[in-house]
Protein chains: 2
Amino acid sequence: MASRSYGQYCGVTTAVELIGERWAMLIVRDLLVGPRRYTDLKQGLPKIPTNILSTRLKELQEGGVVRRAPLYRTGLVYELTDYGRELEPIVLALGRWGFRQMGEPGPDDVVTADSLTMALRTAFRADAAAGLPAADYEVHVGEVALRVQVDGEHLRIAQLAPPAPPVGGRLPTGEADLVFAAGPGIRRLISGELTPAEAIAQDVLAVVSGRADLLEGFASTFHIDSPAAVPAAAA
Amino acid sequence: MASRSYGQYCGVTTAVELIGERWAMLIVRDLLVGPRRYTDLKQGLPKIPTNILSTRLKELQEGGVVRRAPLYRTGLVYELTDYGRELEPIVLALGRWGFRQMGEPGPDDVVTADSLTMALRTAFRADAAAGLPAADYEVHVGEVALRVQVDGEHLRIAQLAPPAPPVGGRLPTGEADLVFAAGPGIRRLISGELTPAEAIAQDVLAVVSGRADLLEGFASTFHIDSPAAVPAAAA
DNA sequence: CCGGATCCGAATCGATACTG
DNA sequence: CAGTATCGATTCGGATCCGG
């Protein structure tokens with residue numbers, strides 16, 4: 001157990017001892033969306049071995065990052081403590097930083113509801129949104145469907161359950177102003193590599209219904225600059 | 001190699017694939033202080049196996065985070081790329097977050113020059129410093145000696161070479177307004193758990209020379225609030 | 001179905017030794 | 001100074017199994 005210690009008395013070291021182990025940060029990412037059951041986490045992290053999930057949740061609890069809470073009469077959720085929730089700006093900043101180095105998706109890469117929710121949060125530009133009229137989008141990426149409502153600087157994202165009826169949370173009523181479907185290539189819209197028109201032309205995105213003109217607003221509301229160059233170093 | 005992939009197409013995931021491996025974040029932390037040679041890094045991370053350091057540096061270069069640069073005629077340094085340097089606010093925020101969960105130092109824990117430098121940066125309160133007169137401290141923690149100069153919102157930290165050859169080799173000391181020495185317990189001063197007077201009384205800190213009254217200014221310039229409670233969960 | 005625990009082979013890490 | 005090489009100790013990944 002002491003083998004995990006980095007042997008330094010330092011805040012950064014303590015932080016990575018708490019949330020630096022493999023998978024831990026992704027568990028935190030998903031819990032930032034909301035409390036999750038063990039099975040939810042396992043589904044949202046399809047490649048995590050179950051024993052690792054179990055171990056990480058124990059460690060995160062010991063570290064005061066995560067708490068177990070009963071749900072209804074039977075059932076159980078994991079949720080972030082107040083201390084754990086303070087990681088939100090850090091995880092968002094990390095997501096923004098990592099976004100810029102994302103390449104094309106690997107053949108086995110998936111987009112989960114929680115990861116897309118957090119990705120939109122990282123890309124959200126409150127300043128840009130404040131200058132636009134309120135908008136209500138329904139975004140589909142792969143199997144994931146999200147209702148994304150932007151009103152001034154306020155962002156609200158709800159996950160639409162595609163295979164099953166919604167659980168607990170009340171879903172937005174009424175139709176979205178714009179419904180569109182995309183693949184992982186939506187990254188290139190958010191990075192500004194493609195304009196909405198180009199994205200449609202290149203088939204990375206398709207409008208299902210509603211006002212296609214709102215795509216411009218979507219693209220300026222959710223945006224992460226690609227740097228001039230983030231080259232992988234040559235050998 | 002593909003075994004390292006988390007199988008998700010997401011910015012956070014990409015980020016932890018780049019800098020989430022064991023030791024990687026600490027390498028970045030040290031490089032945020034300045035370019036470092038291989039040997040410097042090894043010294044600053046006493047417990048890192050040399051093959052791991054070597055591997056991480058290669059991975060960080062492939063990820064576009066770190067670059068190798070020649071130094072003088074012979075010699076070699078590792079330094080952050082522009083992209084890597086953008087991690088600075090994230091690492092500082094992580095340090096601030098982790099600081100609050102730090103307990104007492106383990107028997108083998110060390111404080112290195114780079115980790116203390118970054119710790120002071122994380123704790124620096126520009127707003128508090130702006131209201132105080134400029135001050136020039138010399139801080140000793142264990143073997144580490146730092147020259148810490150605060151002028152308004154500007155902070156400058158220089159590392160004084162501690163393993164000074166024989167006692168005669170005096171470094172640019174003596175000019176600081178206040179010279180003091182502490183142990184790891186300096187954490188309790190920065191957290192506000194102890195006032196400067198209490199820290200001296202409890203022997204966690206000793207004024208070597210200069211104006212002891214400046215300790216108040218130091219404590220308000222470098223401060224990280226401990227939350228009301230950051231409890232470790234019970235079993 | 002939920003919430004894990006157990007087992008085992010594969011990959012990684014840690015410690016030390018050695019080299020250009 | 002700047003790393004490789006080696007090898008035992010851990011951890012991770014994948015699959016299966018188990019009690020409510």
Side-chain angles (χ1 to χ4, degrees), chain A residues 1-8 13 16-17 19-27 30-31 35-62 66-79 106 108 110 161 163-165 167-168 235, chain B residues 1-8 13 16-17 19-27 30-31 35-62 66-79 108 235:
Chain A
M1 286 294 170
S3 69
R4 297 214 352 221
S5 168
Y6 290 96
Q8 305 200 351
T13 307
V16 302
E17 284 172 359
I19 53 162
E21 294 294 308
R22 204 162 159 71
W23 293 103
M25 192 81 85
L26 301 184
I27 293 171
D30 283 9
L31 291 180
R36 291 288 181 265
R37 288 182 304 183
Y38 189 90
T39 318
D40 299 331
L41 290 169
K42 202 163 65 165
Q43 274 213 320
L45 273 1
K47 295 187 62 174
I48 195 174
T50 170
N51 57 337
I52 298 292
L53 177 55
S54 174
T55 302
R56 290 294 170 270
L57 286 170
K58 268 175 218 149
E59 292 164 353
L60 290 170
Q61 284 173 79
E62 280 174 40
V66 161
R67 168 177 46 216
R68 266 176 121 181
L71 179 66
Y72 311 127
R73 180 158 301 281
T74 175
L76 187 58
V77 288
Y78 292 90
E79 62 187 11
D108 294 348
V110 298
V167 195
Chain B
M1 284 295 172
S3 69
R4 296 206 1 215
S5 167
Y6 291 97
Q8 303 200 352
T13 307
V16 303
E17 284 172 358
I19 53 160
E21 294 293 307
R22 205 162 159 71
W23 293 103
M25 192 81 85
L26 301 185
I27 294 172
D30 284 8
L31 291 180
R36 290 288 181 265
R37 288 179 305 182
Y38 189 91
T39 319
D40 299 332
L41 290 168
K42 202 162 66 162
Q43 274 213 321
L45 271 4
K47 295 187 59 174
I48 195 174
T50 173
N51 58 337
I52 297 293
L53 176 56
S54 174
T55 303
R56 290 293 170 272
L57 286 171
K58 269 175 216 149
E59 293 165 352
L60 290 170
Q61 285 173 79
E62 280 174 40
V66 162
R67 167 177 44 216
R68 259 170 141 214
L71 179 66
Y72 311 129
R73 180 159 304 280
T74 175
L76 188 57
V77 288
Y78 292 90
E79 63 187 10
D108 294 348

Can you tell me which nucleotide in [options] comes closest to the side chain of [X]?
X     : options                : answer
A:T39 : C:dC2, C:dG4, D:dA5    : C:dC2
B:E21 : C:dC13, C:dA15, D:dG3  : C:dC13
B:T50 : D:dT11, D:dT4, C:dT12  : D:dT4
A:N51 : D:dC12, C:dA15, D:dG14 : D:dG14
B:R68 : C:dC13, D:dA2, D:dC12  : D:dA2

Could you tell me whether the phosphate oxygens of [N], OP1 or OP2, come under 4.0 Å of any side-chain nitrogen or oxygen in [X]?
X     : N      : result
B:Y78 : D:dG3  : yes
A:R4  : C:dC13 : no
A:K42 : C:dC1  : no
A:R37 : C:dC2  : yes

Side-chain donor/acceptor of B:R22 to backbone N/O of A:R4, under 3.5 Å: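 Here the side-chain-to-backbone pair exists.
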
Distance-only donor-acceptor check, side chains A:T50 and A:Y38, under 3.5 Å: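 Short answer, yes.
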
Sugar-phosphate only, base, or nothing, as touched by A:L76 at under 4.0 Å among non-hydrogen atoms: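 Result for A:L76 = sugar-phosphate.
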
Side chain proximity check, A:L41 to A:L57, heavy atoms < 4.5 angstrom: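 A:L41 vs A:L57: side chains touch.
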
N-O pairing of A:R36 and A:E79 below 4.0 Å: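 Here A:R36 does not pair with A:E79 in a salt bridge, since their nearest N and O are not under 4.0 Å apart.
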
5' precedence on DNA chain C between A:Y38 and B:W23 (nearest-nucleotide basis):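 Counting from the 5' end, the first nearest nucleotide belongs to A:Y38.
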
